[in-house]
Amino acid sequence: MGEFNNNFILGCSAIGAGLAVIAGIGPGVGQGIAAGHAAAAVGRNPGAKSDVTSTMLLGQAVAETTGLYGLLIAMLLLFVKPLLP
Amino acid sequence: MGQGILLSAGADIDFMIHGVFSYELFGQTVWITTTHVCVLIVMLVIVAFSLAANHVIKHASDVPGTFQNIVELVVEMLDKMIGGVMGKFSPKFRNYIGTIFIFILLSNISGLFGLRPPTADYGVTFAMGIMTFVLIHYNQFKYQKVKGVIAGLCDPWPIWAPINIIGDIAVPISLSLRLFANVLSGTVMLALVYALLSKIAIIWPAALHVYFDLFSGAIQTYVFCMLTMTYITNACTTDE
């Protein structure tokens, strides 16, 4: 078997980048759950709206981190191209 | 054939960091990049604002003018935010948290003014993560003493210590990567819109700017400062 050429590696990198951003599913579900519970909390106690909102945004931004790691891997594969010889 | 009409092929997608000029230092080539220039611009804006604020507050009047109102609003907002989280430790860390809050906020929204946001460079955010890391551990040793730090490392059992150490090291990395990746994703998205849809990108990218630069930037600033304050407060709190 000969060596793979660069186009093959670039194509595989693109597929890998596509697979890496599937990591966005998790934070999406998590943020949705957080937003849903925050909406329920505001419905039960409308006076605490600003506190609930800021807590929700903080939690959502922390939950987003795992998705951003997937995004970073995709960026590295697409633009830095670490796999090319 | 096969190419969308809207996608003007061959357009340059430009969101990378560019070198402005380079010089030799101890045999190493050191590049001054666009990040340095943007940090310098943001810093000059902050310095000018601070000098003006200092002048206004020194000659403060009983009936505040517009600028004095703005300065008081900013300081009171920061004080309230920091006091709400840090409690009795807030006077010591007000300067640091306020400084990084204003710096990160201005850096994030500098994308609106055509700069490449400095926080979209991992070197900038990692430096802030390192500062937070040093502050956390300095205060941990100062308030909890060596005994408390060792007790904290061996939290459930002593065999847990390596995992706790990894958790400590992960703090600045996750803190800085979160800010970096958020700002970078906005920068890349807008660069793609401007490069690939350049024919029809007339007015509507303003909505994207509002989301990616203003909303996301403000939220991430808040989150970075909030987490920094939480970690430092945890490090300062002793068991008694």
Side-chain angles (χ1 to χ4, degrees), chain A residues 7 10-11 13-14 16-39 41-42 45 47-84, chain B residues 12-18 77 80-82 84-85 101 104 108 116 119-122 125-126 129 167 170-189 191-192 195-196 211-212 214-231 233:
Chain A
N7 289 337
L10 281 181
S13 294
L19 290 177
V21 287
I22 293 179
I25 291 177
V29 173
Q31 289 183 332
I33 291 174
H37 282 273
V42 173
N45 183 5
K49 191 178 176 205
S50 63
D51 280 351
V52 170
T53 309
S54 63
T55 311
M56 179 194 78
L57 284 177
L58 185 66
Q60 284 185 333
V62 175
E64 209 177 25
T65 314
T66 48
L68 290 172
Y69 290 162
L71 176 79
L72 272 184
I73 300 297
M75 294 262 175
L76 285 179
L77 283 174
L78 280 182
F79 298 117
V80 186
K81 306 186 185 85
L83 299 181
L84 282 184
Chain B
D12 297 344
I13 303 172
D14 182 30
F15 53 83
M16 290 300 192
I17 304 166
H18 300 288
M77 189 201 73
K80 206 176 132 200
M81 186 185 88
I82 296 164
V85 179
F101 189 93
I104 298 175
N108 285 352
R116 189 183 187 280
T119 34
D121 183 341
Y122 192 50
T125 56
F126 191 59
V171 164
I173 296 175
S174 79
L175 204 61
S176 53
L177 270 182
R178 180 177 303 126
L179 180 60
F180 163 69
N182 260 293
V183 183
L184 181 75
S185 68
T187 311
V188 169
M189 205 81 83
L192 286 179
L196 295 179
Y211 177 75
F212 285 121
L214 286 179
F215 180 73
S216 185
I219 294 282
Q220 289 309 316
T221 311
Y222 179 71
V223 168
F224 190 95
C225 294
M226 217 60 177
L227 288 177
T228 302
M229 286 189 285
T230 315
Y231 284 130
T233 315

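Annotation: side chain of A:L68 is in contact with side chain of B:N182 (closest heavy-atom distance under 4.5 Å).
Minimum interatomic distance between B:Q220 and A:A61 (heavy atoms only, all atoms of both residues): NE2-CB, 4.0 Å.
No more than 12 heavy atoms of other residues, nucleotides or ligands shown are found within 6.0 angstrom of CD1 on A:I25.
Proximity to chain B (any heavy atom under 4.5 Å) is restricted, for A:L71, to the side chain, taken from C-beta onward. With a 4.5 Å cut-off on non-hydrogen atoms, A:Q60 does not touch chain B at all.
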